[in-house]
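Comments concern the structure below.
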Amino acid sequence: GSAEKSWRALELSRNNIFNQLVRQKWMFTLYLATLGLILISSLLDDKYPSLVVWIEHVYLGTAITAFILSLRLPATLMNIQLSRHEEMIKSKQKSVGIKD
């Protein structure tokens, strides 16, 4: 019935939000990896110039990828917050006896 439909909708919503947060976690990890590669590159600059060129290519790629992924971040965070807000509204309505 209605309760089962509501439960399933909440479960699907939870899975979607979880997947969005996992993608954001990987994007953040990519940013940290880029910063780490930049640091390593600057530390090895004088001793291993040929290795530094390779590291610079890698961190340029990770920086571009992270930037492209971060373009969706504001919309994703907004959707997550709106979903949470909608669930709070439904919960409050249900607690005072208002049906969907």
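Everything numeric here is computed off the predicted structure, so don't read it as measured data. The residues of the chain are indexed from 1 along the displayed sequence.
The minimum heavy-atom distance between Leu39 and Ser42, with the atom names listed, is O-OG, 2.8 Å. Residues Ile80 and Gln20 share a closest heavy-atom pair of CG1-OE1, 3.1 Å. A pairwise comparison of heavy atoms in Tyr59 and Leu37 identifies CB-CB, 3.6 Å as the closest pair.
Remark: Ser41 engages no residue in a side-chain hydrogen bond (donor to acceptor under 3.5 Å, both in side chains) (not counting sequence neighbours). Partners of Val22 by side-chain contact (heavy atoms from CB on, under 4.5 Å), not counting sequence neighbours, listed by chain and number: Phe18, Trp26. Scanning for side-chain hydrogen bond (donor to acceptor under 3.5 Å, both in side chains) contacts around Thr76 gives an empty result, with sequence neighbours left out. For Tyr31, the side-chain hydrogen bond (donor to acceptor under 3.5 Å, both in side chains) criterion is met by Ser70, not counting sequence neighbours. Considering only residues two or more places apart in sequence or on other chains, Arg23 meets the side-chain hydrogen bond (donor to acceptor under 3.5 Å, both in side chains) condition with none of them. Residues satisfying the side-chain contact (heavy atoms from CB on, under 4.5 Å) test with Tyr48, not counting sequence neighbours, are Leu44, Leu51.
Between the CD atom of Gln24 and the OG1 atom of Thr29 there is a distance of 11.0 Å, given to the nearest 0.5 Å. In this structure, NE2 on His57 lies 12.5 Å from OG1 on Thr62, to the nearest 0.5 angstrom. Summarising the geometry, atom CG belonging to Leu30 is positioned 11.0 Å from atom CD1 belonging to Ile64; distances are rounded to the nearest 0.5 Å. Atom CE of Met78 sits about 12.5 Å away from atom NE2 of His85, to the nearest 0.5 Å. Rounding to the nearest 0.5 Å places CG of Leu60 at 9.5 Å from CD1 of Ile38.
Cluster membership for Leu69 and Leu73, using ILVMFWY side-chain heavy atoms within less than 4.5 angstrom, is shared. Both Val58 and Ile55 sit in one connected hydrophobic cluster of ILVMFWY residues. Membership requires side-chain heavy atoms under 4.5 Å apart, directly or through other members.
The shortest distance between side-chain heavy atoms of Gln81 and Arg84 falls below 4.5 Å.
In this structure a side-chain-to-backbone donor-acceptor pair under 3.5 Å is missing from Ser91 to Met88.
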